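Quantities reported herein were computed from a predicted structural model and do not represent experimental measurements.
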Amino acid sequence: MMTTQNLLVELFVEELPPKALKKLGDAFATQLADQLRSLGLINGDSVTTAFASPRRLAAHISHVWLKAADKAVQQKLMPVAVGLDASGNATPALIKKLQALGADVSNPAAAVAALKRAPDGKAEALFYDSLVTGATLDTGLQKALEEAIAKLPIPKVMSYQLERDCALPGWSSVNFVRPAHGLVALHGNTVVPVKVLGLTAGHTTQGHRFEAAVSPVVIADADSYAATLQRDGAVIASFAERKAEIARQLAAAAAKVGGGCKPIDDDALLDEVTALVERPNVLVCQFEKEFLDVPQECLILTMKANQKYFPLLDSHGKLTNQFLVVSNISPVDASAVIGGNERVVRPRLADAKFFFDQDRKKTLASRVDGLAKVVYHNKLGTQGERAQRVADIAGLIVEQLRNATVPYTAHAKDELDVLASKVQQAATLAKTDLLTDMVGEFPELQGIMGGYYARHDGLRDGVSIAIEDHYKPRFAGDALPRNHTGSVVALADKLETLVGMFGIGNLPTGDKDPFALRRHALGVIRILMEADFSLNLDAILANATKAFGAMLELWSDKEQADFAAHQPKLQDFIYDRLAGSLREQGYSAQEVDAVLALRPQRLGDVPKRLAAVRAFAALPEAPALAAANKRISNILKKAPDVDAHVSEILLQEPAEKALFAAMQDVAPKAQAQLATGDYTASLQTLAALRAPVDAFFDGVMVNAEQMDLRLNRQGLLKTLHDAMNRVADLSRLAS
């Protein structure tokens, strides 16, 4: 067979949407390769390289055949009884089928003789062997290109008209992400004659709009694509290489500024800027220092979101009055480019300063009544009603802490009274920054601006920090609220959202989660697990539901019933999120399943339970005890009404007496260790029951004919099962 050559395909288009560019480039290359592979045109050694720049999508695919190998195919036609008559001649149905497959039926007897017979289930069937001609690259690439374009994850399709052919009447329209102006398809140095989007493939493309050395840029062969574009077209075609070059230039520019400065770390911004430039050139700009009086979060956000600039931070993480611009041109004198960017950013920063100054003229407390005029959700009322529910839930959480079996960080009653006061104040004011001009312009700053305005109003640090932190954790890996006040308000805020949205049936489906309920559930989990609280999940969900009482009174009986019916799904949802999070942290599915099967109410205990299960599983007694627990569970499923009660008088066999005696010794010790929170020691103590448990199952018939003996032995197993499965369901560890 002839040797392979490398393939290069490029679509040259108008400026592509920057936030979608990387995904479009990867999808284009992957789809092309997948289609060619399915046609047998590339072999197992083939490597695909994606290219994506603001004005092109391209793919380099190695080891591509000019023609795929022919392939022997066997097709089942029909049962022999259907295809042949009593004399063994072909029936009309068989002749018709063979004709459809392109077989020669001029001599029916010969055609039948060429078929194979083989058993197919209960009947014998006829099979037709044929040789399918392998696809050529011309036809295969045409199909692959059409498929790749059809399957691109285009965020929004454009419809545009092709240049009119004077020889043809009317206009031709094309749908694509952006108007396409060029197509390159090279197999080695040979153009593959494919057509798509009204374009015919060639070997020329366009380089940088202003800095290309030649126009058009001629691509000699597939392997010289990237180097030729960089040399003659002033374009770095590879998205990854362009991103790395921008990162290198940003670091170099920051080092040149000195003072330990570094550009802000934002990979999403770096990706977006990489999608905006073809040959990056990083420049240092600055703005007036007076703008630094505005909270740095505001300035950073406006520079990043509106201008795609990289703010410079000093060695302490504080914003400086310098920033970095990634330009798409490299003039000898860059002063005009620098001056232009400095002029553009100044009005943006002035707007931020104006918003900040205006917002501070009103206190947060004066804005509380205004929340009643802002709709939160048409079923759940206004932001004012929502804020009141958050405050109510927060107050109930403090009461739970006051009544907790395990004292709230051993705090005295007066400290809890102070906490209750701070929590109410923070919860009442937490949403008021939604009414400020700054948050109206930059919704991403909600909470953050509330903290600044609270400090300006003279509120205590504990309250202002809680207002700032009550949305935390905002994303995976985000920090938790910095104080207990913030933790309580954040917990209340997330519970209000979860209970409300679940109550009206707004549950996440598939990958759709418009109200970020998965993130809210993970936030609840992290706060309960990592903050210094001893709260039962059932209780906090019940209290959160109580906060909706006033709203529910206005609803119909059916709406109230639906609201209540959805609440059990919320607890399932939280445990599902917890299970997924624990598996991501490295716990095995068996370990997580064993612990969460008991639905532990104090989520803060879950890590200790998991550690205990892992230590127990490493013991030599663990497999036998896990298997025994599984066996006991199966027995008890058939006797669900059995009490955990044992009558010593009815113990007859030595093995059941020995097991009862061992339990009398071991179970109290394990229970005492469990009560102190030493889960690992508790499970290890129970490991001593392995020998008597094994002996019991070897020597005792549980389902004895005498009813009293049977019930007593079932009661013994129920007592054993209860004692052994207080930390985790050990039967889930059985292989």
Sort and list the pairs that fulfil salt bridge (charged side-chain N to carboxylate O under 4.0 Å, His left out) and have at least one residue in residues 566-583, not counting sequence neighbours.
Asp572-Arg599
Would you mind reporting whether Leu507 and Phe515 have side-chain heavy atoms less than 4.5 Å apart?
no
To the nearest 0.5 angstrom, please state how far the CZ atom of Phe127 sits from the CG atom of Leu77.
8.5 Å
Decide, yes or no, whether a salt bridge links Arg209 with Glu278 under the criterion of side-chain N to carboxylate O below 4.0 Å.
no
Looking at Ala180, is its backbone amide N or carbonyl O close enough to the side chain of Tyr160 to form a donor-acceptor pair, meaning the two atoms are under 3.5 Å apart?
yes
Between Arg242 (side chain only) and Ile236 (backbone N and O only), is there a donor and an acceptor less than 3.5 Å apart?
yes
Parallel, tilted or perpendicular: ring planes of Phe51 versus Tyr225, cut at 30 and 60 degrees
perpendicular
Does any N or O in the side chain of Glu656 come within less than 3.5 Å of the main-chain N or O of Phe696, such that one atom is a donor and the other an acceptor?
no
State, to 0.1 Å, how close Val82 and Thr91 come at their nearest heavy-atom pair, and which atoms those are.
O-OG1, 2.9 Å
State whether the number of non-hydrogen atoms from other residues, nucleotides or ligands found under 6.0 Å of Glu705 atom CD is greater than 12.
no
Is any side-chain heavy atom of Leu11 less than 4.5 Å from a side-chain heavy atom of Leu197?
yes
Taking the side chain as C-beta and beyond, is there a heavy-atom pair between Leu7 and Leu36 under 4.5 Å?
yes
Minimum heavy-atom separation for Leu41 and Gly140, please, with both atom names.
CD1-CA, 3.8 Å
So for atom CE, which belongs to Met158, do other residues, nucleotides or ligands contribute more than 12 heavy atoms lying within a distance under 6.0 Å?
yes
Show the nearest heavy-atom pair for residues Ala220 and Ser224, with the distance to one decimal.
N-OG, 3.8 Å
Answer yes or no: are there more than 12 heavy-atom neighbours, outside His520 itself, under 6.0 Å from its atom NE2?
yes
Taking the side chain from Asp271 and the backbone from Lys19, do they hold a donor-acceptor pair closer than 3.5 Å?
no
Short side-chain to backbone donor-acceptor contact, Tyr587 and Ser581, under 3.5 Å:
no
Any idea which heavy atoms bring Pro17 and Pro155 closest together, and the distance?
CG-CG, 4.2 Å
Test side chain to side chain contact (heavy atoms under 4.5 Å, CB included) on Leu21 and Leu57 and set out the steps.
CA-CA 9 Å; Leu21 179 64; Leu57 301 174; 4.1 Å; yes
Could you tell me whether Lys718 and Asp641 have a side-chain N and a carboxylate O separated by less than 4.0 Å?
no
Name the residue from Asn43, Val64, Asp45 that meets the side chain to side chain contact (heavy atoms under 4.5 Å, CB included) definition with Thr4.
Asn43
Using only atom types and a distance under 3.5 Å, with no angle test, would you say the side chain of Arg609 pairs donor to acceptor with the backbone of Val727?
yes
Is the closest side-chain donor-acceptor distance between Thr136 and Asp138 under 3.5 Å?
no
Flag the pair Lys243 / Leu270 as yes when at least one side-chain heavy-atom distance between them is below 4.5 Å, and no otherwise.
yes
Leu730 versus Phe616: any side-chain heavy-atom pair under 4.5 Å?
yes
Taking side chain as C-beta onward, heavy atoms only, is Arg178 less than 4.5 Å from Glu15?
no
Residue pair Arg117 / Leu126, side-chain heavy-atom distance below 4.5 Å
yes
Any salt bridge (charged side-chain N to carboxylate O under 4.0 Å, His left out) pairs touching residues 74-97, not counting sequence neighbours?
Lys76-Asp120
Min side-chain heavy-atom separation Ser633-Lys630 under 4.5 Å
no
Can you list the steps and then say if Leu152 with Phe176 is a side chain to side chain contact (heavy atoms under 4.5 Å, CB included)?
CA-CA 9 Å; Leu152 280 180; Phe176 194 51; 3.7 Å; yes
Counting N and O atoms only, with roles assigned by atom type, does the side chain of Thr205 sit under 3.5 Å from a partner on the main chain of Val217, one being a donor and the other an acceptor?
no
Could you check whether Lys143 pairs with Glu147 (Lys NZ or Arg NE/NH1/NH2 to Asp/Glu carboxylate O, under 4.0 Å)?
no
Check the side chains of Asn189 and His203 for a donor-acceptor pair under 3.5 angstrom, ignoring hydrogens and angles.
no
Report yes or no: does Thr139 contribute a side-chain atom to a donor-acceptor pair with the main-chain N or O of Ala135 at less than 3.5 Å?
no
Walk me through whether Thr48 and Thr30 qualify under side chain to side chain contact (heavy atoms under 4.5 Å, CB included).
CA-CA 7 Å; Thr48 303; Thr30 300; 6.0 Å; no
Is Asp729 reaching over with its side chain to a backbone N or O of Ala594, donor-acceptor style, under 3.5 angstrom?
no
Run Ile574 and Gln571 through side chain to side chain contact (heavy atoms under 4.5 Å, CB included) and show every step you take.
CA-CA 5 Å; Ile574 291 173; Gln571 188 166 128; 5.6 Å; no
When rounded to the nearest 0.5 angstrom, what is the spacing between CG in Leu162 and CG in Leu199?
7.5 Å
Salt bridge (charged side-chain N to carboxylate O under 4.0 Å, His left out) for Arg37 and Asp34? Distances and angles first, verdict last.
CA-CA 5 Å; Arg37 185 175 291 107; Asp34 287 348; 3.4 Å; yes
Taken to the nearest 0.5 Å, the spacing of Ile632 CD1 from Leu720 CG works out to 4.5 Å
Can you name the closest pair of heavy atoms from Ala103 and Tyr128 and give their distance?
CB-OH, 3.4 Å
Looking at CG of Asp223 and CG of Leu186, how far apart are the two atoms once the value is rounded to the nearest 0.5 Å?
10.0 Å
Provide the closest heavy-atom pair for Ala68 versus Gly40 in the form atom of the first, atom of the second, distance.
CB-O, 3.4 Å
When rounded to the nearest 0.5 angstrom, what distance separates CG in Leu101 from CG in Asp104?
13.0 Å
With rounding to the nearest 0.5 angstrom, report the CG to CG distance, Leu717 to Asn629.
10.0 Å
